[in-house]
**Q** 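Have a look at this one before I ask anything.
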Protein chains: 2
Amino acid sequence: MRAVAAATGEPSEARERVLDVAEALFAERGLARVTMREIADAAGMRQASLYHHAPGGKAQLYREVFERMIAHHRVGLERALAGAGSRLRPRLRAVADWYVGQAPMNFLRMMTSDMPALGDAEAAALAGPAYASLMQPITEVFRGAMAVGEARELDPDLLAGSLLAILDAVAFAEGRGYGEHDQRAMAHTMIDVLVYGLAVVDARPT
Amino acid sequence: MRAVAAATGEPSEARERVLDVAEALFAERGLARVTMREIADAAGMRQASLYHHAPGGKAQLYREVFERMIAHHRVGLERALAGAGSRLRPRLRAVADWYVGQAPMNFLRMMTSDMPALGDAEAAALAGPAYASLMQPITEVFRGAMAVGEARELDPDLLAGSLLAILDAVAFAEGRGYGEHDQRAMAHTMIDVLVYGLAVVDARPT
DNA sequence: GTCTATACACCGATAGAC
DNA sequence: GTCTATCGGTGTATAGAC
């Protein structure tokens, strides 16, 4: 018996193209400000033809694209961290370099704007994988640093969320005269501040 | 001769109500996901009646509400800072306490999602006041700390933007089981990290 | 698999009575 | 100042020919 993927569209070259252009557009402008016509135009077909490759409609297409993107980030983050040694600073820099090198995903905007538009059920279903792919690898970095006394004991989720927010803010500087090189430098600057601020030392400024 | 405000609607109690509910809805869901009918319902009138108080339409209404909100933040920030002494940490805490105490404004989402939807001209016109009200008071805090040797010499805009992003991330935790008290604690934790990380000391972890 | 054509819903905005 | 009624535009989705 053959495998069937009718619910999400058969795999094909055209379908891959649809997912690729949809991902780029959704990441750039968000769910609400991308139309199916734009996706179809970018994929080189008519709007109605999209529904052959994405029978579930726009929301389902967004969901597929979202899951693909965070899986991509998970692989990239883990690969970057695998070659980054064991110290806190180079590991955080590896995270930042990966993130800055990717197309801006505007994580906070996705969470505050796109997710609620999909409804509570859909949003809840996507929150778990998103956390596992984007947050969890970073929380592990902080947890590891705490375990070896390289960082004070603070909430790893708070630290990871803050780092992601900072990287979003740095990425926001893009298209405002700041290239990838500048973004990397800004991210490294803020990482230095975090690493110094997390260090376990005796004397603290009051 | 009497003052005329025809372009933006006459001042009145009903008009204030419209601006108030519009501000709350725009801040919660963003420009694209709020309809004029929702605003009208919340204000207790029909959709068409909105245009008596907001003749400029939705985009103009958003602009007015946006300018009102950032002016409100400017006043609140400066008042909070006026009673916060001269040291870096209490001043940043004053900023955070003010921000956390206000309705979440999702600054990054507004900048990445709402502003582009208004068009380049409108976005550029709003960017200046937004910077002056939200960013500039915070950059001054960091600049002051650098001037007295309480913080290392880093880009004040980068630091202010990062702090705002962190506060957005902390506010995002709202509605997820975290109350205002928890948000304040999280913000203070991150501010401690920043203050320690910015301190001018001799020994640094490698 | 892609197309044309179109149904259907929603939204912003205007006209004009009261 | 608020209403009803409606227009025009846009966006998603479906039907069905090829």
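Hydrogens, waters and symmetry mates play no part in the numbers below; they use all other heavy atoms, side chains included. Just so it is clear: chains get the letters A, B, ... in the order the sequence lines come, proteins before strands, and each one is counted from 1.
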**Q** Whether B/D192 and B/R93 form a salt bridge (side-chain N of Lys/Arg under 4.0 Å from carboxylate O of Asp/Glu) is what I want to check.
**A** yes

**Q** Centroid-to-centroid, A/F26 to A/Y62, below 6.0 Å?
**A** yes

**Q** Rounded to the Å, how far apart are B/Q60 CD and C/dG12 P?
**A** 15 Å

**Q** In whole angstroms, how far is the C1' atom of C/dC11 from the CG atom of B/L61?
**A** 15 Å

**Q** Could you measure the distance from the OG atom of A/S133 to the CG atom of A/L77? Nearest 0.5 Å is fine.
**A** 8.5 Å

**Q** Over how many whole Å does the gap from A/K58 atom NZ to D/dT10 atom P extend?
**A** 15 Å

**Q** Would you say B/R46 has more than 12 foreign heavy atoms packed within less than 6.0 Å of its CZ?
**A** no

**Q** A/L50 has an atom CG; how far is it from atom C1' of D/dA13, in whole Å?
**A** 11 Å

**Q** Would you give a per-nucleotide map of nucleotides 1-7 of chain C, 5' to 3', where B means the base has a protein non-hydrogen atom under 4.0 Å away, S means only the sugar-phosphate does, and - means neither?
**A** BBBBB--

**Q** Nearest 0.5 Å please: distance from the CD1 atom of B/I191 over to the CG atom of B/L167.
**A**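 CG of B/L167 is found 6.5 Å from CD1 of B/I191.
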
**Q** Please report the closest heavy-atom contact between A/M105 and A/M110, naming both atoms and the distance.
**A** O-SD, 3.3 Å

**Q** Contacts to DNA chain D from residues 23-36 of chain A, heavy-atom cutoff under 4.0 Å, which residues?
**A**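 When residues 23-36 of chain A is checked for heavy atoms under 4.0 Å from DNA chain D, the hits, listed by number, are A/V34, A/T35, A/M36.
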
**Q** How far apart are the C-alpha atoms of A/T139 and A/L159, what are their side-chain angles, what is the distance that settles it, and do they pass the side-chain contact (heavy atoms from CB on, under 4.5 Å) test?
**A** CA-CA 7 Å; A/T139 66; A/L159 293 170; over 6 Å; no

**Q** Between A/Q102 and A/H72, does a side-chain hydrogen bond (donor to acceptor under 3.5 Å, both in side chains) hold up when you go through it step by step?
**A** CA-CA 10 Å; A/Q102 298 307 114; A/H72 172 71; 2.9 Å; yes

